[in-house]
Each structure stands twice: as C-alpha cells, then as structure tokens.
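The first residue of the sequence shown is numbered 1, and numbering continues consecutively from there. Ligands are counted one by one from 1 in listed order, and the atoms in each one are counted from 1 as well. Treat the numbers as computed from the prediction; the structure is a model and nothing was measured.
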Amino acid sequence: MSNIRAIRGMNDILPGETPYWQFLEQTVSRVLGSYGYAEVRLPVVEQTELFRRSIGEVTDIVEKEMYSFDDRNGESLTLRPEGTAGCVRAAMQHGLLNTVQRLWYAGPMFRYERPQKGRQRQFHQIGVESFGVASADMDAELIVLCARLWRELGIADSVQLQINSIGSPASRRAFRDALVHYLEQHVDALDADSQRRLHSNPLRILDSKNADTQALLDAAPALVDYLDDESRTDFAQLCDLLQAAGVPYVIDTRLVRGLDYYNKTVFEWVTQSLGAQGTVCAGGRYDGLVAQMGGRAVPAVGFAMGMERLVLLLRERGKPRAAAPAAHIYAVAAGRAAQRAALTAVETLRDELPQLVIVQHTGGGSLRSQMKKADKSGARVALIWGEEEVTSASVTVKRLREASGETAGAAQRRVPARELAATLCAEFADGQSDEG
Ligand code: ATP
Ligand code: MG
C-alpha cells in the first residue's frame, strides 16, 4: 500500500482547504438561486459519442484530452471533460427545452493535460446554462450574475471581463477563409501548433500564446469586419446593458471559441494573479448546439467557472476565511457512568445550541490526559464529567481560553445539568459566530 498514490493531476482536497470550497459552493448556490437558476446533477460518465458530436473532432479536448475507455460491453465511454454536452443531453432527453430553462451544475471534469498550478487532470467546474432565449439581455444577465458572484466572493478586484462577438456561423466562415488565406502566406512564421491548426481549426490560432504568431495577427483580417448585422446589433445591446449595469468590460477582438456551434457573444473573466492559467470563467452563446445534437433549434448561452482557480484567488485575494473552529466545546468524561451522562447531555446540547461545534472525547484515558486533548483542540470551554458530577447531576464547566483566544485564568465552576445549555449560551453570547 505504501507506494499507492493519487493519480497525477488528480488532487486530494484536504481539511485545510475545504472551507474555501464550501464558501465558494455556498455563495454560488445562493446567488444562482436568487436569479432563478435550478441545480441539476448529471452523470460523470457519458457515451464518448456525445462529446465527439458536441465538442467536435478537431478540438484539443477530443483530439488529446479525453479519458475514454471501453466498458465491459465494449461500449466507448468517457469521463466528462466539460458539462455543457451532458446538460444539453439531459435537457433534450427529459423534454426540458419547450420552455425557458435556467440551469446550473457543479462537479468534477477530467482532461488529460499537463498538470501545473491551476491546471489539473481532475478539476471542478460550476456551469451555468440558459436555454430558450435568443436575445442579448440573457447574455447580459449571465455576465451581471458573474459580477455579483465575484463581489460576494470578495475577488471582484482580481478579475477583468473580456467580451467579443464571433458572429453567425456564416459570417465566421467568411472570416475564416480570409484568415487562412492571409496566414498561408506567412506559414513559416507560425508556431508549430498554429501550423497544425491552420486547416483544422484556424480560429484557435487567434488565442495562440506565441509572441511571433500574435505579431503576425496584428495585420491579419479582423473578425469584427466580417460580422453580420444581427450579431452587430446584439453585441451593441450587450455592451449597452453592461454599461447600464455598471459592469466594466474590455472588448478583445481576438477572443474566440474553436467550436462551430458557438456564435455571437463570447466572454471570459481573467485574472493577472494566476500566471498562465488566468481564465477563471469562460462562456458564450451556442445557438447551434441543440440542433447539432439532433433537437430542434433552441437558442442557448452559458459559461463555466474553474473552481480550483477561484479557490486559488480566494486564498490569495479573497476574504480571509479562517477554517471553521475545530471545536467550541470539548467534552471529557472519566468512567462508564460519566460517559453515559456525558453522551446524553452533549446530544441534548446539540439540539439546543446547534451553532456550536462540540467535540466529545472518545477513546477513554485519565481525566488528565483527556484535558490535554481538550486544551489542544482549541476549544474555549471544556465540559467535565467525573464521579461527583454523576452523583450530583451536574457538570463542571471550565473556561480554557478567553473569546480573544488568550489563555484563561483557572475559571471553573460546577453547574446543575439542567442549567448547562443556558450557561453555555451566555458563555458564547459574545459573537462566537464571527470567527469565520
Ligand atoms: P484553458 O485555455 O485554460 O485550457 P479551456 O478553454 O480549455 O481553458 P474551458 O473548456 O472554457 O477551458 O473551461 C472553462 C474553465 O474551466 C476555464 O476557464 C478554467 O477556469 C477551467 N478549466 C479548464 N480546464 C481546466 C483544467 N485542466 N484544470 C483546472 N481548471 C480548468
Ligand atoms: Mg484547455
């Protein structure tokens, strides 16, 4: 067993880190709920064909990042690399698309990539998808919702919004031809990846990280010059709504998606704080996907956030978020009868003071050794049951430290069992809940 370790790029999230995840999840769930979005929970494994058909053959994901395997019946299955495909599949399968739907989901995604800071092989996304509305007010709703989320997470200063319109599939085809024509004349100056993409997925060249390629693109045809009228009008409306809502944005005319079903609005929230893995949230309109998957045309727009990257931001810039206290109260008991009395009393306390963390000592030992554990636990109060407490139906309440965290003087008193809850209520009345 000694040399069995977690798979590369698939991380354990340990107790020191889970408070950040819980804070993120709780905030997201509350904010999305307040906009009328409903949560869906979808399988982690789908038919490989779903991703081939929706994401497309010539993308990084399908070409080289999927965890695919044959199950025992020889059917090819894949650990989901993203959530939109499964969400659309589920919405189609269960007939959810006859009306406007606002949906969200959260969970692990899997991509075979080179692990580094902010890039794992198992990572987590929160995805938000809206179906049935073709107009740009829905795009604006999603972006405004993101902005509120960043504020509530305390990271609004760390992220910047970039938007663009990639037009209709037809206008993009015209642009694509012009771009390929231009780049073919400078093939030798392109980086290797871009050369490979020149004929398979040339739009992806626009987000090449290579400086020479980027320089070459300065003189290349620009997507905005190829936009159809409707895309132009919708983009203008989106910009107007964002201004009205006070959400600052930068138009990045090279922001694209490699996937054919995307159209019109694309957006990303990026940060300078995470090095190369700067995109914490990416989204856009995909009016073509439902039809591409065999349904009738249903307009849609959505985005996905990378939870690991958001947690990194929360740790660096966000609200200081101390781990929940390991214990407010530590209960010790010496002897069988005392253990019985302690167990029942502590259960009653949990009914009456559910906001307090009460750790019951387990595993026996002398009162002295149990008190050492109590001290180490960080609890402010120890409750002690010994022989005398059992016979007099009372409990010893010992203050281990002040609310400030300083060590307390030897303040200790015996209280009748029936007064225990009231005593502790008074003891913790001074805002024990603001430790978080
Ligand atoms: P990147 O350019 O960083 O590879 P992407 O375009 O592949 O991102 P999307 O498919 O748009 O990413 O996924 C949405 C978000 O999910 C990303 O913006 C990022 O925050 C997060 N994400 C994507 N891949 C990973 C990964 N391997 N590890 C951690 N987070 C990821
Ligand atoms: Mg990627």
Side-chain donor-acceptor pair present, Asp234, Ser135, cut-off under 3.5 Å: no

Pair Tyr35-Arg148, side-chain donor/acceptor within less than 3.5 Å: yes

Thr48 (side chain) donor-acceptor with Leu77 (main chain) under 3.5 angstrom: yes

Table of N or O contacts for ligand 1, cutoff 3.5 Å:
from, atom 1, to, atom 2, distance (Å)
ligand 1, 3 (O), Arg119, NH2, 2.9
ligand 1, 3 (O), Arg309, NH1, 3.3
ligand 1, 3 (O), Arg309, NH2, 3.3
ligand 1, 4 (O), Arg119, NH1, 2.9
ligand 1, 4 (O), Arg119, NH2, 3.4
ligand 1, 7 (O), Arg111, NH1, 2.9
ligand 1, 10 (O), Arg111, NH1, 3.2
ligand 1, 10 (O), Arg111, NH2, 2.8
ligand 1, 13 (O), Gln125, NE2, 3.0
ligand 1, 16 (O), Gln125, NE2, 2.9
ligand 1, 18 (O), Thr279, O, 3.2
ligand 1, 20 (O), Thr279, O, 2.8
ligand 1, 20 (O), Gly306, N, 3.4
ligand 1, 27 (N), Glu113, OE2, 2.6
ligand 1, 27 (N), Gln120, O, 2.9
ligand 1, 28 (N), Gln120, N, 3.0

Distance-only donor-acceptor check, side chains Gln125 and Tyr105, under 3.5 Å: no

Any donor-acceptor N or O pair under 3.5 Å, side chains Glu129, Thr84: yes

Qualifying residues under salt bridge (Lys or Arg N to Asp or Glu O under 4.0 Å), relative to Asp229, sequence neighbours excluded: none

